[in-house]
K.L.:
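My questions will all concern the structure given below.
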Amino acid sequence: MIKHITHIGESLNLNWRSSLEINTRIVIGRSALKKLPDLLSQIDAGDKILLVKPANVLVEETDRVIEALHDKSISVCLLEIQDGETCKSTDWLAKIWETLHDLEFSRQDTIVAIGGGAVTDIAGFAASTYLRGISLITIPTTLLAQVDAAIGGKTAINFQGGKNLIGNYYFAKIIIVDTDTLATLPSNQFISGLAEVIKYSFLEKTISSETDYLIGPKPLLSVLEDSIKNLSWDNDLLPGIIIACIKMKLAVVGKDPQELGLRRCLNLGHTLGHALESVTNFKLSHGEAVAIGMAFALHMAVARGQIGEADKHRALTLIEAVGLPTKMQEGISASMLVDILFRDKKREGEAIKMILPKNDLGLVEYKELIKREEIEQVLAQFCETHNLATN
Ligand SMILES: NC(=O)c1ccc[n+]([C@@H]2O[C@H](COP(=O)([O-])OP(=O)(O)OC[C@H]3O[C@@H](n4cnc5c(N)ncnc54)[C@H](O)[C@@H]3O)[C@@H](O)[C@H]2O)c1
């Protein structure tokens with residue numbers, strides 16, 4: 001794997017090439033969007049661009065992108081798709097394909113996706129499938145998409161009620177992470193993204209020990225403990241924190257692109273989190289569900305003697321510092337969750353590889369299969385304790 005990283009002013013320019021010959025250029029920082037015209041000159045972006053964005057949001061950002069492209073003799077067409085998760089459907093996929101067809105797109109032409117993870121997921125899938133693959137540029141505009149969804153090449157749509165059932169791996173040529181775009185993001189969405197950021201801080205030592213990712217002068221966990229309460233979109237520390245998360249994700253994806261081993265560690269808090277989203281009919285946000293999922297992973301790690309109470313307390317304090325929940329919601333029982341967990345595509349017979357902290361905060365165990373009975377038992381205890389604690 002070859003990595004080339006240079007700092008340019010406030011932005012980080014990261015050229016990442018893995019053993020799979022994936023070459024993604026990532027530009028991060030305040031006002032990074034201004035670099036789009038220069039970046040387009042550096043790749044073969046064709047002479048047509050389809051800009052895909054959610055309807056009724058990101059109006060100024062989109063205007064800025066169109067303005068930036070205006071002088072480039074590139075024909076730009078805007079397709080507004082349904083906002084949020086509902087855009088990840090076969091209907092919207094067909095609408096994007098139809099638009100590309102009507103505009104006579106060639107393989108050299110480019111889709112630019114601007115929005116949260118829902119848009120980068122469906123636009124990425126459309127780009128990967130039309131003519132067996134056209135160029136893709138993503139401009140993630142939620143914190144979650146900037147640290148996670150738009151990084152790492154997974155694309156997907158939902159199908160017949162199943163989340164991300166259809167998708168593939170396809171890498172954007174350019175990813176622009178402009179933290180100024182977060183200015184308009186509702187605070188609950190920002191906090192949801194912070195759950196993913198916290199997750200990376202619980203994985204940092206495992207990732208650095210198994211890849212060529214290097215921990216900075218201060219571990220992400222300590223950086224967050226010192227700053228998380230003041231971490232708004234314009235905090236000077238935010239670009240550096242996002243860069244650490246992106247570098248971790250790329251290091252993991254470079255080592256295990258298809259999630260056969262190490263990449264599973266990125267699911268910390270997500271196995272139970274997805275079950276919680278499902279059982280609450282998405283009343284819990286993704287970040288809230290992952291936060292409770294991480295709290296359960298900490299609880300289970302203590303129950304198995306993998307970490308001590310002090311580390312659990314330290315980790316829960318960080319999660320709670322941003323207002324994320326760490327207790328099970330009332331009315332949700334262990335049996336409801338276990339039923340959903342064992343319908344998950346990631347189960348292996350009557351066991352699941354749950355990601356659990358071990359030894360020290362920052363390290364996780366991601367290989368061990370945990371049997372259904374053990375999950376049922378510890379989950380029942382977790383639901384009981386925490387329901388009582390909230391009464
Ligand atoms: N591909 C992957 O590896 C991966 C990883 C994690 C999550 N995902 C997917 O990402 C999606 C969740 O992403 P998300 O949390 O970004 O949700 P989202 O894309 O639904 O965005 C959340 C909301 O924020 C709005 N929004 C986006 N940017 C904004 C801004 N700057 N200002 C104001 N509003 C803005 C959106 O229009 C939407 O209403 C899910 O579909 C999930 O499956 C994919």
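Order of listing sets the numbers, starting from 1, for every ligand and every atom in it. Numbering starts at 1 and runs along the sequence shown. The structure displayed is predicted, hence computed values, not measured ones.
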K.L.:
Could you measure the distance from the CD1 atom of Ile207 to the NZ atom of Lys255? Nearest 0.5 Å is fine.
P.N.:
11.0 Å
K.L.:
Could you check whether any heavy atom of Glu196 sits closer than 4.0 Å to an atom of ligand 1, since that is the contact criterion I want to use?
P.N.:
no
K.L.:
Kindly give the heavy-atom pair with the smallest separation between Asp121 and Thr155, and that separation in Å.
P.N.:
O-CB, 3.6 Å
K.L.:
For atom 29 (C) of ligand 1, which of Leu185, Leu266, Val290, Asp178 has the closest heavy atom?
P.N.:
Leu185
K.L.:
Can you list the atoms of ligand 1 that are under 4.0 Å from a heavy atom of Glu85?
P.N.:
40 (C), 41 (O)
K.L.:
Taking distance alone, with no angle check, do Asp148 and ligand 1 share an N/O pair under 3.5 Å?
P.N.:
no
K.L.:
Can you confirm whether the side chains of Glu210 and Tyr366 place a donor and an acceptor under 3.5 Å from each other?
P.N.:
yes
K.L.:
Are more than 12 heavy atoms, taken from residues, nucleotides or ligands other than Lys205, located less than 6.0 Å from that residue's NZ atom?
P.N.:
yes
K.L.:
I'd like to check whether Val119 has a polar contact with ligand 1, where a contact means an N/O of the residue lying under 3.5 Å from an N/O of the ligand.
P.N.:
no
K.L.:
If you look at every heavy atom in Asn359 and Ile307, which pair is closest and at what distance?
P.N.:
N-CG2, 3.8 Å
K.L.:
Run the numbers for me: atoms of ligand 1, each under 4.0 Å from some heavy atom of Lys163, listed by number.
P.N.:
40 (C), 41 (O), 42 (C), 43 (O)
K.L.:
Ala295 and Thr326: which non-hydrogen atoms are nearest, and at how many Å?
P.N.:
CB-O, 3.3 Å
K.L.:
Between Leu58 and Ile114, what is the shortest heavy-atom contact and its length?
P.N.:
CD1-O, 4.1 Å
K.L.:
Any salt bridge linking Lys163 with Glu85? Criterion: basic side-chain nitrogen under 4.0 Å from a carboxylate oxygen.
P.N.:
yes
K.L.:
Is there a heavy atom in Gly152 that sits closer than 4.0 Å to ligand 1?
P.N.:
no
K.L.:
Using distance alone, decide if ligand 1 has a nitrogen or oxygen within less than 3.5 Å of any nitrogen or oxygen in Val57.
P.N.:
no
K.L.:
Is the CD atom of Glu348 crowded by more than 12 outside heavy atoms at less than 6.0 Å?
P.N.:
yes
K.L.:
Is ligand 1 under 4.0 Å from a heavy atom in the side chain of Asn164, in the backbone, in both, or in neither?
P.N.:
side chain
K.L.:
Check whether any heavy atom of His286 sits under 4.0 Å from an atom of ligand 1.
P.N.:
no
K.L.:
Look at atom CD of Gln377 and say whether more than 12 heavy atoms of other residues, nucleotides or ligands are closer to it than 6.0 Å.
P.N.:
no
K.L.:
Quick check: are there more than 12 heavy atoms from other residues, nucleotides or ligands sitting under 6.0 Å from CD of Glu60?
P.N.:
no
K.L.:
With a cut-off of 4.0 Å, which atoms of ligand 1 are near a heavy atom of Asp83?
P.N.:
36 (C), 37 (O), 38 (C), 39 (O)
K.L.:
For ligand 1, is there an N or O atom under 3.5 Å from any N or O atom of Thr184?
P.N.:
yes
K.L.:
Below 4.0 Å from any atom of ligand 1, is there a heavy atom belonging to Lys249?
P.N.:
yes
K.L.:
Can you list the ligand 1 atoms lying under 4.0 Å from a non-hydrogen atom of Ala118?
P.N.:
10 (O), 11 (C), 13 (O), 19 (O), 20 (O)
K.L.:
If you measure from atom 3 (O) of ligand 1 to every heavy atom of Lys154, Gln189, Glu277, which option wins on shortest distance?
P.N.:
Lys154
K.L.:
Mark up the atoms of ligand 1 that fall under 4.0 Å of a heavy atom belonging to Pro54, in ascending order.
P.N.:
37 (O)
K.L.:
I want to confirm something. Looking only at heavy atoms, which of Thr142, Asp121, Asn188, Thr181 is nearest to atom 27 (C) of ligand 1?
P.N.:
Thr142
K.L.:
Mind checking whether Ala149 has an N or O less than 3.5 Å away from an N or O of ligand 1?
P.N.:
yes
